[in-house]
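Below: the structure, in structure tokens.
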Amino acid sequence: MSQFELQDEQNHPRPQVPEFTQMVERSVSRRRFLGGAAALGAAAFFSVSPLSRAVAAATGSSPLLGFSAVPTSTADTFVVPPGYQAERLISWGDPLFSNVAEFINGGGNSAADQLGQFGDNNDGMSFFPIDANTAILVVNNEYCNYELMFAHQGKQMTGEDVKKAQASQGVSVLTLKKNANGWQVEKDGQYNRRIHANTPMTISGPAKGHTLLQTQADPNGERVLGTFNNCANGMTPWGTYLTCEENVHGYFGSTEQVTITPAQARYGIGPDDAGWQWHQFDERFNLAKHPNECNRFGWVVEIDPQNPNSTPIKRTALGRFKHENAELVIDKSGHVVVYLGDDERGEHIYRFVSLHKYNPDNPAANRHLLDEGTLYVARFNSANDGEPSGTGEWLPLIFGENGLTPENGFTSQAQVLIHARLAATQVGATTMDRPEWVAVHPTEPMVFCTLTNNKNRGVADNQAINGPNPRAENNYGQIIRWQPTSGHHTDATFNWDLFLLAGNPTVHQDTAYAGSSNINADNMFNSPDGIGFDKAGRLWIQTDGKYSNEGDFAGQGNNQMLCADPATGEVRRFLTGPIACEITGLAFTPDQKTVFVGVQHPGEDLAGSHFPLGGEHTPRSSVMMITRQDGGIIGT
Ligand code: FEO
Ligand code: CA
Ligand code: CA
């Protein structure tokens, strides 16, 4: 969530729509919800439906969850359960190299400094073990907060300031070394690297070279400078990292006359940027001069972290939209499947299936598996009575099929991928409440996706309530899950239900806004965002929600991370973050004894945090390293 978007999000009053709200409450009352899920449980794919297990959830009987719940917090601290400890691994501005300046409070560092420092607003990350005492941690740097990055708080931007902002986003590759105190970042480590908004990269896959990707600087449409707004991530079994470009629309704009195409409008691109002001100092972000530059962002980028000289590759076969994460799994058939969310109100969930199969014996042969395959988008069917479960299907986005034809404005497979959102609408995809991370269970063919919130549900013309998105003006969010019909991630169809509806049972009694039956006064939260499984199948849930602690959010405190048992539905809070932060980014070591968790934008909008160093220090996004005092496995 960018600093600029948040202004739109905050203090959004709920219009009075009693008739509509009552309808939702009737169709998805807590009682009804329970019954629907229980009915599903017998017939369907999950042997135990969490939504039917209110008693188990309330009594805390899960054998998977072995830690004591942490209460909500409004303090400027990072709180983990008794028996656990958390240390700061690295923060925005820490130098990766010995010839780079240390972080200076109050915005004193230059753009050149930032190029050699850890980027800002760390988000998704992956841990790549090299040997027992060496690893690579690759971390996304999603955006930056001008109010913290510059003494002028973004009010007097210069070209140098824009260069610094560009240097602060992208990806940080960190060499980690393990010693008696645990893992630490090695300054000047052999893998250390910054990838940013001006790093040269290539474009590959079906859209490479398309006219929509051609610019004056790159008439062939196959080389591009940089990546930015890198939200969440993925990793491949062939040792590469996937970084996902999310809110890229907000960096483009123009002070000149400019014509916005319907496709640009669908991607949120217009003459006014989101406040970044890059187009005023860096011409390639000026839509009037370079109308195609914006089409070169909104992709998944593959990076080889073991080779600091490697060129990142934008994989166009995975489609262009506001990518959240890229959850990659090797299906039993050997095909690579990547699940992808498009984080926008009313957008969609996608799946890529590779044409070729993964070959574990030939790593080099896997390097371009993400270039050929089929992109699909999800349609969720539900019973007419609004039950929060049903069947679904994956609709292929193939030029020439399902109406993706010239008479509907589609001219090639490349253009279908560049305008994937338009193609998804054409084939009849289901509009969702902002799909964020997708996570695949480590042993069962089960897939979970966070739908973080959607103030437009039931309000905007194209966003009527539907089965997986059952609440109008949904400001709490939900987690959907599905299982492929035959257990293959390549299946054309699936069954789905809702794993939970976040809510506030202390504010809303007996309505859908109280949340599902596995949500109670002790574990409530809003806006699930980051999710991931550990090896044992615990589902970790991170929040990017409202932290006002009042009104609809009373008693929910700062953003947090929880842990859920997929079998019983129990949800238990594991940690709480400092003031005005988001918790995002999750990476376990293979022994499951260390977990890295991100604290993003503490003190945004000058909210008064001084995390992590306290005193009068500038608040800084940080990666935290959590271990158990007895050296045990996290979560047990
Ligand atoms: Fe970057 Fe959708 O969160
Ligand atoms: Ca978010
Ligand atoms: Ca997110």
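All ligand and atom numbering here is 1-based and tracks the order in the structure. As a basis for the values below, the full set of heavy atoms in this structure was taken, side chains included, without hydrogen atoms, waters or symmetry mates.
- Angle OD1(D529) to the Ca ion (ligand 3) to OE1(E436), rounded to 10°: 60°.
- For E142, the N, O or S atom with the smallest separation from atom 1 (Fe) of ligand 1 is OE2.
- For E324, the N/O/S atom at the shortest distance from the Ca ion (ligand 3) is named OE2.
- The side-chain contact (heavy atoms from CB on, under 4.5 Å) test with Q478 is passed by exactly one of P528, P470, P388, S516: P470.
- Looking only at its N/O/S atoms, E324 has OE1 as the one nearest to atom 2 (Fe) of ligand 1.
- The distance from atom 2 (Fe) of ligand 1 to the nearest N/O/S atom of D343 is under 2.8 Å.
- Taken to the nearest 0.5 Å, the CG atom of N559 stands 12.5 Å off from the CD1 atom of I579.
- Per residue E436, closest N, O or S atom to atom 2 (Fe) of ligand 1: atom name OE1.
- For R379 (side chain) and L395 (main-chain N/O), no donor-acceptor pair under 3.5 Å exists by modelled atom type.
- For E142, every N, O or S atom stays at 3.0 Å or more from the Ca ion (ligand 3).
- In this structure, the side chain of N474 engages the main chain of G477 through a donor-acceptor pair within 3.5 Å.
- Once rounded to the nearest 0.5 Å, the distance linking CZ of R457 with OG1 of T431 reads 4.0 Å.
- For E246, the N, O or S atom closest to atom 1 (Fe) of ligand 1 goes by the atom name OE1.
- T576 places no side-chain N or O within donor-acceptor distance of the main-chain N or O of N558, the cut-off being under 3.5 Å.
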